[in-house]
Amino acid sequence: MEDIYLRLAKHLQDLVMGYPYTDELIDLLKEMFSPEEAQVVLALPNNLAPLEVVGLNTILSRTDFPKSTVVPALETLSNRGLIYSATMANGAKGYALLQIGFGVPQTFFWGGQHDARAEKMAALVLKYFSVSTTGKVYGGVPTKSYKYSPANLTIEVPMQGVMPNEQIGSIVEAASKIAVAHCPCRMSAKILGRTDCSHSLEVCIKYDELAEFVVDRGLAREISKDEAHHILKASEEEGLVHMVDNAQGQIKHTCNCCGHYCWNVGIIRRRKIPRDQLMAVYFIRQTELDECIGCGNCADICPVDAVKMVDERPQVDENWCIGCGVCAVSCAAEVISIIRRREDQSPENFSALHQQVKTEKDLK
Ligand code: SF4
Ligand code: SF4
């Protein structure tokens with residue numbers, strides 16, 4: 001019989017937000033699932049969008065295991081945060097695989113625990129999520145799963161062509177439930193003993209059904225809209241970048257990313273993968289240089305090191321600027337604005353985004 005973990009790795013590879021196959025993935029899966037659990041997980045379909053669930057009958061029709069084995073296994077795995085579950089429209093419970101970015105590898109670190117298990121998972125995650133693995137997750141198709149949303153809560157940044165639904169405040173206002181978890185990137189770095197990033201940890205915001213899932217499992221705490229606005233404002237002042245789903249509506253999370261350990265922004269800062277291959281970047285910085293007072297704040301805060309001070313004037317590398325706007329927040333003279341750099345818009349909503357990504361993947 002083919003090794004169960006190899007079969008599971010192949011199954012997970014074909015998800016919309018799939019797990020690129022490497023030997024390190026097998027090591028990660030062995031730590032996540034017992035062989036019997038892996039068999040049950042294989043019965044969860046891999047052709048669904050992230051956070052789309054199926055009912056028990058569908059799962060039972062895909063396995064030889066009896067209901068008496070499958071139900072407790074699904075419940076245990078869901079309670080441990082290793083598969084996703086949610087209430088379906090008919091009121092019954094549904095289950096789904098955790099897709100990359102929607103629980104793997106975040107689930108091990110969202111809760112902020114630092115114990116032996118977290119240390120083991122942090123080491124395995126670091127081995128698996130190499131630059132090349134991350135590049136394959138986000139880089140395989142033209143439509144990118146995530147985009148940057150410009151900072152504008154701390155000060156009123158002049159923004160040309162930025163639609164209301166692309167502004168971070170309106171994302172919070174549209175949510176029905178909000179939760180905050182620990183940043184998995186900085187948390188895992190801290191667990192591994194890295195001390196050169198002092199950015200805040202509890203700033204990873206989830207919305208709607210994803211918020212419900214993480215709160216119910218003790219991986220995050222529910223917060224009000226006011227607290228969410230406060231966290232986002234403070235993140236802008238710290239120089240953290242808002243990263244959201246590349247959709248006009250139904251946004252499920254806002255990461256507040258740094259250039260040190262973020263699995264995406266850090267890769268761009270280190271110039272490992274060109275920005276447009278990883279993320280949808282709709283905006284760019286513009287500066288009124290005549291009014292600049294040469295303070296250098298914008299160069300110091302830029303999370304991707306896209307600004308150099310030359311003769312006391314900022315020089316922006318437009319090939320690497322991600323239009324995050326945190327430099328505008330830091331600018332003493334308020335001479336930085338954010339402008340649109342491409343005319344297209346994000347897919348209409350979360351479902352349309354992942355349908356588009358799936359279609360592009362299927363065509364490959
Ligand atoms: S220059 Fe840096 S901080 Fe400013 S918008 Fe571009 S990437 Fe963000
Ligand atoms: S932060 Fe503003 S004033 Fe200071 S160097 Fe940059 S553009 Fe000039």
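Just so you know, ligand 1 is whichever comes first in the structure, and atom 1 is the first atom listed for that ligand.
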Salt bridge present between [X] and [Y] (N-O < 4.0 angstrom):
X	Y	result
Glu318	Arg341	no
Asp14	Lys10	no
Arg342	Asp344	yes
Glu31	Arg117	yes

- Have a look around atom 8 (Fe) of ligand 1 and list protein N/O/S atoms under 2.8 Å, or say none.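 Checking every protein N, O and S atom gives Cys324 SG.
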
- Note on the structure: Note: ligand 1 atoms sitting under 4.0 Å from heavy atoms of Val307 are 1 (S)

- Message: So for Met309, does at least one of its heavy atoms come nearer than 4.0 angstrom to any atom of ligand 2?
- Response: yes

- Aromatic ring proximity, centroids under 6.0 angstrom, Phe350 and Phe102: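 Yes.
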
- Is Met163 reachable from Ile284 through a run of hydrophobic residues whose side-chain heavy atoms are each under 4.5 Å from the next? no

- Message: Restricting to non-hydrogen atoms, name the atom on Pro314 and the atom on Thr287 that form the minimum distance, rounded to 0.1 Å.
- Response: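 For Pro314 and Thr287, the tightest heavy-atom pair comes out as CG-CG2, 4.4 Å.
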
- Write down the atom of Ile171, the atom of Asn165, and the distance for their closest heavy-atom approach.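 Residues Ile171 and Asn165, closest heavy atoms: CG1-O, 4.3 Å.
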
- Message: I'd like to know whether Tyr148 forms a ring pair (Phe, Tyr, Trp, His ring centres under 6.0 Å) with Phe283, so could you lay out the CA-CA distance, the side-chain angles of the two residues, the decisive distance to 0.1 Å, and finally the verdict.
- Response: CA-CA 8 Å; Tyr148 301 115; Phe283 310 108; over 10 Å; no

- Message: Check the orientation of His253 and Tyr146. Use parallel for under 30°, tilted for 30 to 60°, and perpendicular for over 60°.
- Response: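 Rings of His253 and Tyr146: tilted, 30 to 60°.
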
- Task: Could you please tell me which protein N, O or S atoms lie under 2.8 Å from atom 8 (Fe) of ligand 2?
- Result: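 Within the sphere that stays under 2.8 Å of atom 8 (Fe) of ligand 2, the protein atoms of type N, O or S are Cys292 SG.
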
